[in-house]
Amino acid sequence: MAVIEATGLTKRYGARLALDGVSFSVGQGEIFGILGPNGAGKTTAVECVEGLRRPDEGAVRVLGLDPWRDGPELRQRIGVQLQESALPGAIKVGEALELYASFYRRPADPRGLLARWGLEERRDDRFGRLSGGQKQRLLIALALVGSPEVAFLDELSTGLDPSARRAAWGLVEEVRASGVTVVLISHFMDEVEELCDRVALFDGGRIVASGTPGELVDRAGGTHRMRFRPVGEPDLALLAEVPGVTRVERSGRHVVVSGAGDFATAVASALARHRILVADLRMDRHTLDDAYAALTGSASVGDETAGV
């Protein structure tokens with residue numbers, strides 16, 4: 001069942017067309033990723049869905065509600081972490097969570113969120129004295145304090161160190177496991193590949209491709225390579241006949257097998273079946289970063305600054 005349905009969204013800022021007939025849907029319980037460089041239209045599209053901007057054309061339904069006509073009711077059922085937001089510097093962490101909790105009919109326990117997001121020891125610290133990563137974790141906690149059915153997380157990992165990023169990913173998985181649908185706006189390819197069930201690639205105000213991360217890689221001509229050093233002299237002809245294999249060649253002491261889809265599992269089975277021992281096994285695969293470049297003709301999203 002779709003909890004978000006956006007159809008034909010169009011938005012202009014003067015002469016500039018920021019959204020050009022964008023349509024997408026998000027299923028219940030999904031983590032749905034939105035990728036795109038600065039100016040691609042991704043933040044504008046999400047703000048139209050959230051009810052923060054009104055599209056010039058098109059329609060939006062979130063949990064069956066119109067974000068403009070049913071705004072007060074919808075805001076009780078969604079949580080939003082904006083790309084850029086801030087709190088008064090003097091407000092304390094615990095005070096901020098308790099304040100936001102008071103806005104909702106059925107809020108989560110603020111103390112539980114402090115613990116979940118590693119802020120328990122910062123409860124009495126003022127917002128202005130927090131590090132960038134601590135501020136980011138607090139803003140995410142504020143997006144979840146209303147016990148939302150849908151959570152919009154814009155640039156989840158900004159300001160987080162690698163360890164904190166990984167921890168945040170685990171917490172997002174926990175949020176989804178609790179039944180919350182998550183829309184993740186990001187320019188970190190590894191984050192999207194790790195977390196998202198489906199992805200929409202934005203470029204020039206349009207969605208240029210959508211699907212699972214694996215589907216997008218394959219659609220972009222994703223040929224993967226399996227490289228290993230055989231023990232002995234295997235019959236390379238038998239590997240060439242494995243389903244999905246497109247090429248088998250030697251590179252010095254190594255054998256390189258190229259293919260698409262789940263060919264690596266079939267190759268491994270063939271090696272085991274024919275009792276061929278290998279060493280230095282390595283998979284070289286195309287990534288979502290490669291898919292983005294191939295599908296849009298642009299540089300990696302990771303090379304861009306997040307934006308409208």
Got a sec, which pairs hit side-chain hydrogen bond (donor to acceptor under 3.5 Å, both in side chains) with one end in residues 167-177, sequence neighbours left out? W169-E191, E173-R176, R176-D197

Contact list for residues 127-143, test salt bridge (charged side-chain N to carboxylate O under 4.0 Å, His left out), sequence neighbours left out: none

Taking side chain to side chain contact (heavy atoms under 4.5 Å, CB included) as the definition, give me every residue that meets it alongside R206, ordered by chain and number, with sequence neighbours left out. D20

Are V26 and V172 linked, directly or through other ILVMFWY residues, by side chains that come within less than 4.5 angstrom of each other? no

For R198, is there any backbone N or O sitting under 3.5 Å from a side-chain donor or acceptor partner on T212? no

Quick one: list whatever passes side chain to side chain contact (heavy atoms under 4.5 Å, CB included) with D124, sequence neighbours left out. none

If I take atom NZ from residue K11 and atom CZ from residue R16, how far apart are they, to the nearest 0.5 angstrom? 11.0 Å

Tell me whether T246 contacts the main-chain N or O of S258 through its side chain, where contact means a donor paired with an acceptor under 3.5 Å. yes

Nearest atoms (heavy-atom pairs only) where A151 meets L144: CB-CD2, 4.0 Å

Is any side-chain heavy atom of Q134 closer than 4.5 Å to one of V93? no

Stepwise side-chain contact (heavy atoms from CB on, under 4.5 Å) check, M189 with L35: CA-CA 8 Å; M189 293 294 183; L35 281 171; 3.9 Å; yes

Salt bridge or not between D190 and R165? Use side-chain N to carboxylate O under 4.0 Å. yes

Heavy-atom distance under 4.5 Å between the side chains of T44 and V22, does that happen here? no

Minimum heavy-atom distance between L184 and C196, given as atom pair plus value: CD2-SG, 4.0 Å

Here the gap from Q81 atom CD to L138 atom CG, rounded to the nearest 0.5 Å, amounts to 10.5 Å

Applying a strict under-4.5 Å side-chain criterion to I, L, V, M, F, W and Y, I'd like to know whether L97 and L87 cluster together. yes

Residue pair S251 / V256: nearest heavy atoms and the distance that separates them: CB-CG2, 4.0 Å

Please answer: with hydrophobic residues joined when any side-chain heavy atoms are less than 4.5 Å apart, are V183 and L19 in the same cluster? yes

Mind jotting down which residue pairs meet the salt bridge (charged side-chain N to carboxylate O under 4.0 Å, His left out) criterion with at least one end in residues 106-116? Sequence neighbours excluded, please. none

Between L9 and C48, which heavy-atom pair has the shortest distance, and what is it? CD1-CB, 4.3 Å

Enumerate the ring-ring contact (aromatic ring centres under 6.0 Å, His included) contacts for residues 28-57, please, sequence neighbours excluded, ordered by first and then second residue. F24-F32

Taken to the nearest 0.5 Å, the spacing of I276 CD1 from E233 CD works out to 11.0 Å

Evaluation steps, side-chain contact (heavy atoms from CB on, under 4.5 Å), between R77 and L65: CA-CA 10 Å; R77 301 174 64 184; L65 301 173; 3.9 Å; yes

Do V150 and L195 sit in one hydrophobic cluster, given that two such residues count as connected whenever their side-chain heavy atoms are within less than 4.5 Å of each other, even indirectly? no

Review item, side-chain donor-acceptor pairs of residues 263-273, under 3.5 Å, at least two apart:
| unit_1 | atom_1 | unit_2 | atom_2 | d |
| --- | --- | --- | --- | --- |
| T265 | OG1 | D262 | OD1 | 2.9 |
| T265 | OG1 | D262 | OD2 | 3.3 |
| S269 | OG | T265 | O | 3.1 |

Side chain to side chain contact (heavy atoms under 4.5 Å, CB included) with S163: which residues, sequence neighbours excluded? D161

If I compare all heavy atoms of S210 with all of A200, which pair ends up nearest, and what's the gap? CB-CA, 4.1 Å

Taking I4 as the fixed residue, which of L63, I78, V49 is the one that meets the side-chain contact (heavy atoms from CB on, under 4.5 Å) rule? V49

Ignoring hydrogens and angles, tell me if any N or O in the side chain of E73 forms a donor-acceptor pair with the backbone of D70 under 3.5 Å. no

side-chain hydrogen bond (donor to acceptor under 3.5 Å, both in side chains) partners of residues 54-68, not counting sequence neighbours, each pair once: R61-D66

Any side-chain heavy atom of P37 sitting closer than 4.5 Å to one from D203? yes

Could you check whether any side-chain N or O of S25 sits under 3.5 Å from a backbone N or O of E5, counting only pairs where one atom can act as donor and the other as acceptor? no

So, taking the atom named CG in L82 and the one named CD in E47, what distance separates them when rounded to the nearest 0.5 Å? 7.0 Å

Which value, rounded to the nearest 0.5 Å, describes the distance between I207 atom CD1 and I34 atom CD1? 7.0 Å

Output yes when a side-chain donor or acceptor of Q136 lies under 3.5 Å from a complementary backbone atom of L156, and no otherwise. yes

Residue pair V245 / L239, side-chain heavy-atom distance below 4.5 Å: no

So, the side chain of S147 versus the backbone of A108: is there a donor-acceptor pair under 3.5 Å, distance only? yes

Minimal non-hydrogen separation, G211 against E215, with atom names: CA-OE1, 3.4 Å

dist E155:CD -> T43:OG1 (nearest 0.5 Å) comes out at 7.0 Å

Answer whether the closest heavy-atom distance between the side chains of D154 and V46 falls below 4.5 Å. no

Which residue pairs pass the ring-ring contact (aromatic ring centres under 6.0 Å, His included) test with at least one member in residues 88-128, sequence neighbours excluded? Y100-F103

Any side-chain to backbone donor/acceptor pair from K42 onto F202? Under 3.5 Å, distance only. no

Check side chain to side chain contact (heavy atoms under 4.5 Å, CB included) between P230 and all other residues, then give those that pass, not counting sequence neighbours. F228, P234, R250, V255

Under 4.5 Å between side-chain heavy atoms, counting indirect links through other Ile/Leu/Val/Met/Phe/Trp/Tyr residues: same cluster for I185 and L153 or not? no

Enumerate the ring-ring contact (aromatic ring centres under 6.0 Å, His included) contacts for residues 233-257, please, sequence neighbours excluded, ordered by first and then second residue. none

